[in-house]
There are 4 protein chains.
Amino acid sequence: MRTEPIYALDARKQPRQARSQATVDAIFEATIQVLLAEGLPRLTTIRVAERAGVSVGTLYQYFPQKQALLFAVLQRHLERVAQTVEDAAHAMHGATLAQMVKTIVTAFVQIKTENLEESRALYAVAAELDSRDYVLGIKQRNRAALEAMLKTASDAQFDDIATVTFMFAGVLIGPIQVLLEGPPSADMLRMLPAQLESVCLGYLEREANPANRAKAS
Amino acid sequence: MRTEPIYALDARKQPRQARSQATVDAIFEATIQVLLAEGLPRLTTIRVAERAGVSVGTLYQYFPQKQALLFAVLQRHLERVAQTVEDAAHAMHGATLAQMVKTIVTAFVQIKTENLEESRALYAVAAELDSRDYVLGIKQRNRAALEAMLKTASDAQFDDIATVTFMFAGVLIGPIQVLLEGPPSADMLRMLPAQLESVCLGYLEREANPANRAKAS
Amino acid sequence: MRTEPIYALDARKQPRQARSQATVDAIFEATIQVLLAEGLPRLTTIRVAERAGVSVGTLYQYFPQKQALLFAVLQRHLERVAQTVEDAAHAMHGATLAQMVKTIVTAFVQIKTENLEESRALYAVAAELDSRDYVLGIKQRNRAALEAMLKTASDAQFDDIATVTFMFAGVLIGPIQVLLEGPPSADMLRMLPAQLESVCLGYLEREANPANRAKAS
Amino acid sequence: MRTEPIYALDARKQPRQARSQATVDAIFEATIQVLLAEGLPRLTTIRVAERAGVSVGTLYQYFPQKQALLFAVLQRHLERVAQTVEDAAHAMHGATLAQMVKTIVTAFVQIKTENLEESRALYAVAAELDSRDYVLGIKQRNRAALEAMLKTASDAQFDDIATVTFMFAGVLIGPIQVLLEGPPSADMLRMLPAQLESVCLGYLEREANPANRAKAS
DNA sequence: CATGAATGAGAGTTCATTCAT
DNA sequence: GATGAATGAACTCTCATTCAT
C-alpha cells in the first residue's frame, strides 16, 4: 500500500474557547452519524458540516483535510479504548490471573460495547484511512499494558510472555469483533463476558509456567 | 449504514470463450494487485483495467459496476475459506476434541496465511462494500460446519453449543486478524498454530459437559 | 418509450443571492446558444458550462442532472407561450369570432416568432426529453383558454366545442411549425398572420351553429 | 446548428439477395421497436442488433454508421408518405376543390395514422438527426405535388399559389401532429378527416380567386 | 460473410478544497 | 471568524466502431 506521508493529519487548530470546543464536538458527532447513516463512501465534508450545523468553511477551519477529520474521530475512539485498558491493567498489578482476566474482560467489553455503533462504523475508517501506523501503535500500547500486568501475576509466570500477550489480546478482540459485525444479539452480548473470561483464563493457565504455578500456590 | 439493495451485484456476463476466461482472471488478479499496491481509495476501474492489460470497456463487459468487481473478488476469497473450513470440519466428524482443534486450526491458519496479502487487502473491501449480508452468511456457514462437527466429538458434549461455537470461531479469527493487520512477523506466524490450538482446546475442554467428559475417559 | 418516472426533474437549488441568479441566467442563455450552435447531440454539460463562463460544478449546483437543465429551459419557453395565449384569450372574452382570431393569431405568431431560433432549438429537446406529460399539460392549458374564449363569442356558438378547439389549436400551430423548421422565409413570415386568420376564421365560421349565427347578425 | 457534411449517410451495401433483404427488414423493424420501447437516447446499435436477431458486425455490414441506420429508417417512412401524397395529388388533377381536399386528407390521415407509433417515434429521430435538408426536400416534394394539383382545379384559381399551398400543407399536418403527440384519442381520430376537410376547404374556397370561381360555376 | 469480444474517447456526475463576501 | 458559491480534477460508466476468429 502506498504509504505517502500524510502531512498534518492532526487538526491544525487547537480549540481554546468553549465555543470552539462545542463546534468540534458537534463535528465529531456529525461524522459518526453520517458514517452510520450513509456509510463511508457517502461521507462528504458538506454532509458532515450540514449535520453539524456549521458551514464547510468552518469545518475546514478545524480540520484542514477530510483525512484529518476522520483520523481525529478514529483517534478519539482508540485513545479512549487504550486508556481504559491501561487503567484496568495498571489497577491489577500484583493480582491473580483470575482477577486480572475478569477485570480486563469486563473493561474491554464495556468500552467496545457501550458505543457499539460507533465502534462498528470506525472499522471501515481504520481500514481505509492511512492510519495503519497509528492503529498498530495503539495495539502496541495495549499489549504493553497487558504484558506489564501479566508479569506481576501473583500466581503465574510465563516463559514467552510476548507470545502469550499477543494471543491474549487477539483472543480478547476476536469474538467482540464478530459480535460487532453481526446483527446485534442481546443473548450473545450477555454471555460474552463470562465466555471470554473462560477462554482467556483457560489459555493463560495452560501457558503458565508449571513450576511457578506450584510455587505460587 | 444505508443498505440500499444492490441490484445484481453479481449480474455479469458469464464468459463463454476461453479468451474471456483469461480476461476475467487477469482482471481478478489486477484487482488484488492494485488493492495491495495502491489501497482501496485509489483503486479505480481504469487502474485495474490498465494493470490487467485490457480496456475499461472490457472490464465493464464482465463487471457491470465497480462494486460487482469488488464483490466478486471478495466472494472468491471467502468462498475458498468457507469451503476449506467445511471440508476440514466434515473430515473430523466423530474425532476427539484435540484432533478437531488441531485440524481446524491448521486448515484455517493455512488458508488465511497462504494468501496473506490478499486476505489483508480484502478487509477494507469487506468493510466498505455493501456486502454485510454476504459476509454474515459466510460466517454463518462456517459456524454451522463447526457446530455440526463439535456435536459429534467422541470425548465431549456441550450444553450451549451455539455459544461455544460462536466463541470458538471468534477466538480462531481474532489472533489471525491481528497478525494480518500488523507487520508480518515470521516468529509469530510460526508459533500461531500451536498457540491457537492451546487457546481453543483450553476453552473447549473447560466448556465440555463434565459428566460426558468423565464417561468418555 | 420507457417512461420511467424522472425523480425531481426540477429539484434544483433555488438561488438565494444575486450572484446566483446571474449564474443561473448565464447557464440558461448558454444552453440555448449551444443548442443552436452545436445541436442537441453535442450539447454536453461541460460545453454549456464553458459557454456560460462557469465550471461544471457550478452548473450541477443548480441543475442536478442534465435533464433538469434541459427541462428548465423548455419549461421557461413553454410557460411564456402558455401565458401569452391565456392572456390574449382572456382579453377577448365576449368579442366576435373575427376579433378573437385576429388577436390570438397575432399573439401566437408573435411569441413563437420573436425567439424563432429558440423555438426551433427546443423542438428537439421536447422530442427527446422525457417531458411528454409536461408538454401535454401545456397544450391542455392552451386549449382550455381557447375553449373558454370561444364559448363567449358574441356572434357564434358551437355544438362540439372540444373538437372545434382542438382543430383551432392544431391549425394554428401547423403552419408555424413548418415555417420554423424550414429555412426562414421573410416573405412567408409576413404573410403568415393574415393567412392564418383566414384559415381559422374560415373554419370557425363554417363550424358555427347556423341558427345562432343568424340570431347574432 | 453545425451542419458538418455527413459522408455516406446512405447504406453502403445495396442488398441484392433475398436473405440480405430479410436482414435489412429485420433491422428496420428492430430499430422502430427499440425506438418505441426505449426511446432514442437508449437506442444503441447493440440493442438494435440483438432485437433483430443478428450481431453488431452484421448490422454494420449494412449500415456503416448508426446515423446511416436512423437515416434509412426515417427515409423509408418519409418516402412512403411523399409517394402517397404524390399519387393522391396526381390522381386528382382536374378535379374540383372539394374532391381534391377529400382525397388528399383521406390519404394523408391514412398514411400517418396507420403506423401511428412509428410516426411518433420518428419525430425525435428527425429532430436530432442531421437530416434537415432531406426532410425539407420531402416537404418540398409534397408541396410541389399539391401545388401542381391545385393549379388544375376545375372550379378555382389562386393568385398566390405558393402561399396557398404552404398553408394548405401546414394546416394539414398541424392537427395530425398534435394528435400523434398526445394520448391517442379514438374519438378525435374518427372526427379528424371530416374536420380537416372542413378546415382545408374553408380556407381554399376563401382564397380562391372570386372572378375565376364565378367563371367556373 | 457472420460473430461478439475488445477498444477507448467522451459523457455525466461528485466532492475535497478555496476564497470573495 | 463564518459562510457557501465556485472550482475542476478525477471518477464511473456507455457505446459507436473495429477486427481476429
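Model, not experiment: these values are computed from the prediction. Atoms considered below: every heavy atom in the structure, side chains included; atoms not considered: hydrogens, waters and symmetry mates. A, B, ... follow the sequence lines: proteins, then strands. Residue 1 opens every chain.
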Side-chain donor/acceptor of D:Thr58 to backbone N/O of D:Val54, under 3.5 Å: no

For atom CZ of D:Phe63 and atom P of F:dA16, their distance in whole Å: 15 Å

Spacing of D:Glu50 atom CD relative to E:dA5 atom C1', expressed in whole Å: 14 Å

Separation of atom CG in D:Leu69 from atom P in F:dC15, rounded to whole Å: 15 Å

Phosphate OP1/OP2 of E:dA11: any C:Arg47 side-chain N/O under 4.0 Å: yes

Nearest-Å distance for atom pair CD/C1', residues B:Gln65 and E:dG12: 16 Å

Residue that, paired with D:Arg51, satisfies side chain to side chain contact (heavy atoms under 4.5 Å, CB included) out of D:Ile32, D:Ile27, D:Val34: D:Val34

Touch class at under 4.0 angstrom, heavy-atom based, for C:Thr58 against every strand present: base

Among F:dC13, E:dT3, E:dT17, the one nearest B:Lys66 by side-chain distance: F:dC13

Separation of E:dG4 C1' from B:Gln61 CD (nearest whole Å): 8 Å

Between CD on residue B:Glu38 and CZ on residue B:Arg47, distance to nearest 0.5 Å: 5.0 Å

Partner of D:Val48 under side chain to side chain contact (heavy atoms under 4.5 Å, CB included), chosen from D:Leu35, D:Leu59, D:Leu70: D:Leu59

Pairing partner of E:dT21 (Watson-Crick or G-U wobble, both distances under 3.5 Å): F:dA2

Distance in angstrom units between D:Ile46 CD1 and F:dT17 C1', rounded: 10 Å

Distance below 4.0 Å between C:Tyr62 side-chain N/O and F:dA5 OP1 or OP2: no

Nearest listed nucleotide, side chain of C:Ser55, among E:dA6, F:dG8, F:dA16: F:dG8

Pair assignment for F:dC15, Watson-Crick or G-U wobble, requiring both distances under 3.5 Å: E:dG8

Rounded distance in Å - OH (C:Tyr60) to P (F:dA10): 18 Å

Trace of the ring-ring contact (aromatic ring centres under 6.0 Å, His included) decision for C:Phe71 with C:Tyr134: CA-CA 9 Å; C:Phe71 189 79; C:Tyr134 177 70; 5.2 Å; yes

Side chain of A:Val56 - closest among F:dA16, E:dG8, F:dA5: F:dA5

Touch class at under 4.0 angstrom, heavy-atom based, for C:Leu59 against every strand present: nothing

Under 4.0 angstrom between B:Thr45 side-chain N/O and F:dT12 OP1 or OP2: yes

Position toward the 5' end of DNA chain F (nearest nucleotide), B:Gly57 or D:Gly57: B:Gly57

Nearest-angstrom distance from the residue atom CG of B:Leu43 to P of F:dC11: 11 Å

